[in-house]
Amino acid sequence: MEQVGYDTYCKLLDEVLKQMQGIEEVEEQDIQIDLAVSCYIPEEYIENSSQKIEVYQDIALCKTEEDIQNVTDEIIDRYGQMPSEVENLLEIARIKNLGRNANILKITQKRDGVVFLYDNNKFNIDIVTMLVKKYNRKVKFSQGMEPYITLMLEGKNDKEKLKEIEEFLMSNFVDEKL
């Protein structure tokens, strides 16, 4: 696992399990997330490393809001109230799913802003108009080979930052009839 990395390991494990079950898998775009937030499982919360890996894997395999809620419930049942770092980890999983559904390839923090890099082949320019109306000067759009939108988040703590990113991603679906 150390040689391929945790995310790749989880993905390979999931593929093998689906092959063994005879489930045909549709290749989905993986989304990269690089945010300056504290998200990990503290040693004091889960001391056993194999249990910690299992929880990381469960979170990485979440594909729906129901999956995230089930994992959240299981973590609380097994280990008690979650520290903020674990809550942030689950919020990142939620953001990853929303981003994938919004045809975003990458979410990266740059100083006081977060950059959302869209899949050029699936990008709907009408979303920009809607986001500019909603966020005004807090968003900046750049059209190019790979279109991206920057959302300004100055002065936000981790929890506020993640909530605002989640709300921004949900705004990508508010009115798809534009």
Side-chain angles (χ1 to χ4, degrees), residues 6-7 10 28-42 44-46 52 55-119 122-124 126-142 146-178:
Y6 177 74
D7 284 338
C10 288
E28 62 180 38
Q29 180 66 41
D30 194 29
I31 179 172
Q32 294 178 4
I33 298 182
D34 183 14
L35 298 172
V37 295
S38 185
C39 57
Y40 63 95
I41 301 172
E44 314 80 56
Y45 187 62
I46 301 176
K52 191 181 288 193
V55 171
Y56 276 122
Q57 181 180 11
D58 289 346
I59 293 170
L61 295 175
C62 288
K63 302 290 182 209
T64 65
E65 182 59 35
E66 182 181 358
D67 292 344
I68 293 169
Q69 194 55 54
N70 289 339
V71 169
T72 301
D73 293 344
E74 182 180 338
I75 291 171
I76 292 171
D77 285 348
R78 288 178 71 186
Y79 306 105
Q81 189 61 37
M82 292 184 293
S84 61
E85 296 88 355
V86 178
E87 289 175 358
N88 292 347
L89 194 59
L90 288 159
E91 195 64 33
I92 294 286
R94 185 172 283 114
I95 286 168
K96 193 171 207 173
N97 290 334
L98 288 168
R100 188 179 300 114
N101 293 333
N103 299 314
I104 292 174
L105 302 174
K106 188 174 185 178
I107 300 173
T108 308
Q109 185 167 346
K110 302 282 184 185
R111 294 187 198 121
D112 289 336
V114 175
V115 177
F116 300 85
L117 180 67
Y118 288 80
D119 181 345
K122 299 176 183 176
F123 183 69
N124 179 355
D126 295 332
I127 289 173
V128 175
T129 306
M130 178 190 56
L131 292 172
V132 168
K133 283 180 185 174
K134 180 173 181 174
Y135 289 95
N136 202 359
R137 293 189 173 158
K138 286 181 69 176
V139 295
K140 297 175 184 169
F141 171 68
S142 176
E146 295 176 320
Y148 65 89
I149 295 175
T150 304
L151 174 65
M152 301 310 294
L153 296 176
E154 36 205 325
K156 305 276 184 187
N157 66 35
D158 286 357
K159 195 164 287 307
E160 293 169 335
K161 189 183 311 180
L162 292 172
K163 275 298 173 201
E164 187 138 359
I165 291 169
E166 183 181 340
E167 288 172 14
F168 175 84
L169 290 170
M170 287 192 287
S171 296
N172 280 257
F173 309 107
V174 171
D175 189 359
E176 295 182 353
K177 296 176 210 144
L178 290 173

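A quick note: this is a predicted structure, and the numbers were derived from the prediction, not measured. Heavy-atom basis, side chains included; hydrogens, waters and symmetry copies ignored.
Panel note: side chain Tyr45, backbone Gly80; a donor-acceptor pair is recorded below 3.5 Å. Using a distance-only test at 3.5 Å, with no hydrogens or angles considered, no donor-acceptor pair links the side chain of Tyr148 to the main chain of Lys106. At distances below 3.5 Å, at least one donor-acceptor pair connects side-chain atoms of Lys161 with backbone N or O atoms of Ala36.
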Apply the test side chain to side chain contact (heavy atoms under 4.5 Å, CB included) to residues Lys138 and Glu154: give CA-CA distance (whole Å), side-chain angles for both, the deciding distance (0.1 Å), then the verdict. CA-CA 10 Å; Lys138 286 181 69 176; Glu154 36 205 325; over 6 Å; no
Run Lys156 and Lys163 through side chain to side chain contact (heavy atoms under 4.5 Å, CB included) and show every step you take. CA-CA 10 Å; Lys156 305 276 184 187; Lys163 275 298 173 201; over 6 Å; no
Report the C-alpha separation of Thr108 and Leu117 in whole Å, then their side-chain angles, then the decisive distance to 0.1 Å, and conclude whether the side chain to side chain contact (heavy atoms under 4.5 Å, CB included) test is met. CA-CA 8 Å; Thr108 308; Leu117 180 67; over 6 Å; no
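Here the side chains of Asp67 and Val71 are not in contact, with every heavy-atom distance at 4.5 Å or above. Contact of the Gln32 side chain with the Leu105 side chain is not registered, since no non-hydrogen atoms from C-beta on lie closer than 4.5 Å. With a 4.5 Å cut-off on side-chain heavy atoms, Pro42 and Val86 count as touching. For the pair Met152 and Arg137, the minimum side-chain heavy-atom distance is 4.5 Å or more. Counting heavy atoms from C-beta on, the side chains of Leu90 and Met82 come closer than 4.5 Å. Val128 has its side chain within reach of Phe123: a pair of non-hydrogen atoms, C-beta onward, lies under 4.5 Å apart. Side-chain atoms of Leu35 and Leu162, non-hydrogen and from C-beta on, do get closer than 4.5 Å to each other.
Interatomic distance, Ile41 CD1 to Lys52 NZ, rounded to the nearest 0.5 Å: 6.5 Å. Here the CD1 atom belonging to Ile165 is positioned 8.5 Å from the CD1 atom belonging to Ile33, to the nearest 0.5 angstrom. The structure places NZ of Lys110 at 14.5 Å from CG of Leu153, a figure rounded to the nearest 0.5 Å. Rounding to the nearest 0.5 angstrom, the gap separating the NZ atom in Lys134 from the OG1 atom in Thr129 is 15.0 Å. Atom CZ of Arg100 sits about 10.0 Å away from atom CD1 of Ile107, to the nearest 0.5 Å.
Applying the ring pair (Phe, Tyr, Trp, His ring centres under 6.0 Å) criterion to Tyr40, with sequence neighbours excluded, gives no partner residue. Glu65 is linked by a salt bridge (charged side-chain N to carboxylate O under 4.0 Å, His left out) to Arg94, counting only residues two or more places apart in sequence or in another chain. For the ring pair (Phe, Tyr, Trp, His ring centres under 6.0 Å) test, residues two or more places apart in sequence or in another chain that qualify with Tyr135 are Phe168.
With Ile59 as the fixed residue, the side chain to side chain contact (heavy atoms under 4.5 Å, CB included) test singles out one of Thr72, Leu89, Ile68, Ile92: Leu89. Under the side chain to side chain contact (heavy atoms under 4.5 Å, CB included) rule, Asp158 has a single partner from Ser38, Cys39, Ser84, which is Ser38. Screening Leu131, Thr150, Leu169 against Phe116 for a side chain to side chain contact (heavy atoms under 4.5 Å, CB included) leaves a single residue, Leu169.
Residues Asn70 and Glu74 have side chains that never bring a donor and an acceptor to within less than 3.5 angstrom of each other.
Other residues, nucleotides and ligands place no more than 12 heavy atoms under 6.0 Å from the NZ atom of Lys140.
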